[in-house]
Amino acid sequence: MTTGTDLDLTALRAHFPLLSREQGGRPLVYLDNAATSQKPDVVLEAMNRFYETSCANVHRGVHALSRAATEAYEGARRTMARFVGATDPREIVFTRGATEALNIVAASFSAAHLRPGDRVILSGLEHHSDIVPWQMACDARGASLGVLPVNAEGALDLAPLDALLAPPTKILCLVHVSNALGTLNPIETICARARAAGVRVLVDGAQAAPHLPIDVGALGCDFYTLSGHKMYGPTGTGVLWGRGDLLNALPPFLGGGDMIKSVTFEHTEYAEIPARFEAGTPNIAGAIGLGAAAEFLMSHDRAAVLEHECALYAHMVAGLQAISGVRLVGTAPGRLASQSFLVGDAPAHDVATLIDQHGIAVRSGHHCTQPLMQRLGISGTVRASLGMYNTTEEIDRLLAAVVDARDMLA
Ligand code: PMP
């Protein structure tokens with residue numbers, strides 16, 4: 001199998017049962033990894049093993065089975081701490097996805113720190129999950145939103161950054177990697193400038209975690225969120241990492257079991273992190289599956305995986321560029337994993353439907369980034385997004401399907 005790198009793609013793909021699925025008599029080509037990724041056998045096995053051998057509720061039980069479940073769940077937390085470079089596993093909060101993680105920060109940070117007249121800055125590349133919660137928070141607190149602009153290529157324009165970080169700004173929220181355009185943002189630089197201005201930074205790492213080794217300390221951010229199901233973990237999983245002192249100073253997001261020290265009808269004392277933000281029975285099997293996904297990723301040479309993905313991406317971009325009538329949307333330097341494009345004046349959904357007829361899954365639409373689409377003057381795009389298991393042959397099938405779609409729609 002063509003790799004162009006040292007990665008053994010045949011062995012890697014054998015871990016993913018779904019990749020052997022056929023569509024229309026040909027192997028399915030899955031290029032919708034930015035929406036969700038496929039799951040390796042080790043993730044499925046870890047979840048099954050939990051249900052078959054140690055299913056019990058965590059934390060509350062003294063019995064052996066509950067202790068086993070708790071150990072597996074807390075083991076997954078330690079794994080996720082290692083995965084993001086956190087020194088303290090208590091800084092890892094399990095959530096049901098990036099959306100919930102972003103909502104926790106928006107609701108709890110705004111309750112503690114946003115006053116009328118304060119400002120929140122979002123980048124122009126944000127997913128709706130990092131826009132709507134902040135609009136809700138700003139509405140509730142009498143604060144306002146500012147936007148760090150995007151240029152026509154899809155890169156952030158940092159010229160107004162320092163002005164936007166000036167008072168009354170309290171927090172800056174931005175994606176690490178754009179789900180719509182693949183733009184990789186200079187997080188370290190931005191965090192350093194925010195820190196100098198006394199502004200907190202929330203990084204939405206949903207599209208970075210599957211591809212880049214993450215080190216929250218080196219990035220210099222205050223909060224980092226990721227989506228488990230995009231990094232080969234189960235659906236309904238995600239992580240919020242935050243600096244311990246900051247998280248412990250925020251009010252809880254949800255109230256209920258497990259997030260308390262003591263309750264009377266008059267008053268509740270909240271638990272410290274991570275329980276503070278994990279009310280109720282968590283997605284225990286999901287967290288264990290996510291831990292297995294992170295172990296799976298870390299068991300590979302991540303530099304080799306990234307090299308493979310970058311080589312494949314370059315091949316895909318060059319191939320799309322060479323097709324007359326195709327326009328790339330998102331041309332910022334140093335992009336990663338996702339490439340958006342349009343074919344002539346054809347509606348993106350029509351193109352994606354024709355590509356699907358070739359047994360190739362790509363996404364079309366606004367990708368939950370309507371403000372970004374408005375900035376670019378379009379209503380949506382076709383997006384092909386890579387996972388670690390994709391191959392050169394699959395990209396070649398995509399390129400042929402795009403040519404066919406173009407000719408059909410001409
Ligand atoms: N942020 C980004 C950049 C995303 O791509 C997505 C998922 N498309 C989300 C947030 C939301 O993630 P989840 O579906 O896990 O809540």
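Just so you know, ligand 1 is whichever comes first in the structure, and atom 1 is the first atom listed for that ligand. Hydrogens, waters and symmetry mates play no part in the numbers below; they use all other heavy atoms, side chains included.
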* Kindly write out the residues that satisfy side-chain hydrogen bond (donor to acceptor under 3.5 Å, both in side chains) with N33, not counting sequence neighbours, or none if the list is empty. => Y389, N390

* Kindly state each residue pair satisfying side-chain hydrogen bond (donor to acceptor under 3.5 Å, both in side chains) with at least one member in residues 287-304, sequence neighbours excluded. => T79-E295, R82-E295

* Asked: Short question: side chain of T183, backbone of V177 - any donor-acceptor pair under 3.5 Å?
  -> no

* Asked: Under 3.5 Å, side chain of S340 to main-chain N/O of G330, donor-acceptor pair present?
  -> no

* Tell me, please, which residues at least two apart from E269 pass side-chain hydrogen bond (donor to acceptor under 3.5 Å, both in side chains). => H267

* Close-range residues for ligand 1, whose non-hydrogen atoms fall below the 4.0 Å threshold -> G97, A98, T99, H127, S129, V175, N179, D204, A206, Q207, S227, H229, K230

* Starting from the C-alpha separation in whole Å, work towards a yes-or-no answer on ring-ring contact (aromatic ring centres under 6.0 Å, His included) for Y73 and F94. => CA-CA 10 Å; Y73 183 68; F94 282 118; 5.2 Å; yes

